[in-house]
J.: 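Below: one structure in structure tokens.
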There are 2 protein chains.
Amino acid sequence: MPNNNKKTQRPIMALLDLLGQKWVLRIIWELREAPLTFRALRERCDQISPTVLNQRLSLLRDAGLVELTEEGYQPTRPCQELGPILMQLSDWSKTWQNARKD
Amino acid sequence: MPNNNKKTQRPIMALLDLLGQKWVLRIIWELREAPLTFRALRERCDQISPTVLNQRLSLLRDAGLVELTEEGYQPTRPCQELGPILMQLSDWSKTWQNARKD
DNA sequence: TTTCTTGCTACATATTATGTAGCGCACTTA
DNA sequence: TAAGTGCGCTACATAATATGTAGCAAGAAA
């Protein structure tokens, strides 16, 4: 699914590629509050298959966004800075859904 | 790929489901500046297959995020509000990529 | 030893994306 | 009239990904 294009060199493209993979945004979202074990994370993500969960976690670890500590998986410092942006997305999604009801 | 879970009722979950689909973020990103025809959009998205492009555009139209006008495909008002958030993502991605170089 | 729980892997099956060709329509140009 | 051009989009065979279930190996606790 990732993209080996030249354009992918541009940071935003790399990011869109990464976040555009199934479950990636959801995983980051679920880790936003507290560390979660592999199995707990699975449950939060609608029992996502462990195969894919592991693929995504490897990817996120390689990207320096997530790390495995003794308390479980958790976002790294840089990834925590993504938090506020995700909250904005969350806020936006509410007004979007309200608008959809017409 | 979309999710028919109860949780998907929550706006943020619906949004994460939507944006987490391959090409969706990229399409929104490419439409941020000016309207693009189906074919122009294809080129911008690394010649994405027309099958998938159409599926995603249908999805985005149903979601009220994109519309087809005489000038081509373009984001709706609500979707344009997403723009600043995406720009923040873009900014964040730059520092993220710099940090990655260590 | 036995019993938990951990992160994670194997593998057969189902779902989704890719890539290419081209259709039907509208509009322009000869 | 006829031929060309560009449009949104579809068909379809092939390749890449995800799903779901079972279970392994390692560590901690009893």
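Heavy atoms only: backbone and side chains are in, while hydrogens, waters and symmetry mates are out.
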J.: Is B:Arg32 close enough and on-axis enough to B:Trp29, meaning under 6.0 Å and within 45°, for cation-pi?
T.: yes

J.: Between CD of A:Gln47 and CZ of A:Arg39, what distance do you get to the nearest 0.5 Å?
T.: 10.5 Å

J.: Supply the atom-to-atom distance A:Ile27 CD1 to A:Gln21 CD, rounded to the nearest 0.5 angstrom.
T.: 10.0 Å

J.: For B:Trp23 and C:dT16, is the shortest distance between a side-chain N/O and OP1 or OP2 below 4.0 Å?
T.: no

J.: Over how many whole Å does the gap from A:Asp46 atom CG to D:dT19 atom C1' extend?
T.: 13 Å

J.: From CD of A:Gln47 over to C1' of D:dA18, roughly how many Å is that when rounded to an integer?
T.: 15 Å

J.: With a 3.5 Å distance limit and no angle check, can you tell me whether A:Trp96 reaches the backbone of B:Pro11 through a side-chain donor-acceptor pair?
T.: no

J.: Drop me the distance from B:Cys45's SG to B:Leu31's CG, to the nearest 0.5 angstrom.
T.: 7.5 Å

J.: Return the value, rounded to whole Å, for the distance between atom CD of B:Gln21 and atom C1' of C:dA17.
T.: 12 Å

J.: Respond yes when some side-chain nitrogen or oxygen of B:Arg42 is under 4.0 Å from OP1 or OP2 of D:dC9, and no when none is.
T.: no

J.: Whole-Å distance between D:dG8 P and B:Arg56 CZ?
T.: 19 Å

J.: Given 3.5 Å as the limit, does a donor-acceptor pair link the side chain of A:Thr76 with the main chain of A:Gly64, or not?
T.: yes

J.: So, does A:Gln55 get its side chain near the phosphate of D:dA18, meaning an N or O under 4.0 Å from OP1 or OP2?
T.: yes

J.: Take atom CG of B:Leu53 and atom C1' of D:dT10, then tell me their distance rounded to the nearest Å.
T.: 13 Å

J.: Which protein N or O atoms sit under 3.5 Å from an N or O of nucleotides 4-7 of chain C?
T.:
residue, atom, partner, partner atom, Å
C:dG7, OP1, A:Phe38, N, 2.6
C:dG7, OP2, A:Phe38, N, 3.2
C:dG7, OP2, A:Arg39, N, 3.3
C:dG7, N7, A:Arg39, NH1, 2.5
C:dG7, O6, A:Arg39, NH1, 3.1

J.: From CG of A:Leu41 over to P of C:dC8, roughly how many Å is that when rounded to an integer?
T.: 11 Å

J.: To the nearest 0.5 angstrom, please state how far the CD atom of A:Glu67 sits from the CG atom of A:Leu57.
T.: 12.5 Å

J.: Return no unless some side-chain N or O of B:Lys22 is found under 4.0 Å from OP1 or OP2 of C:dT18.
T.: yes

J.: CG of B:Leu60 versus C1' of D:dC9: gap in Å, rounded?
T.: 16 Å

J.: Rounded to whole angstrom units, what separation is found between the CD atom of B:Glu70 and the P atom of D:dG8?
T.: 12 Å

J.: Measuring from the side chain of B:Pro50 (C-beta onward, heavy atoms only), which nucleotide among C:dA21, D:dT19, D:dA22 has the closest atom?
T.: C:dA21

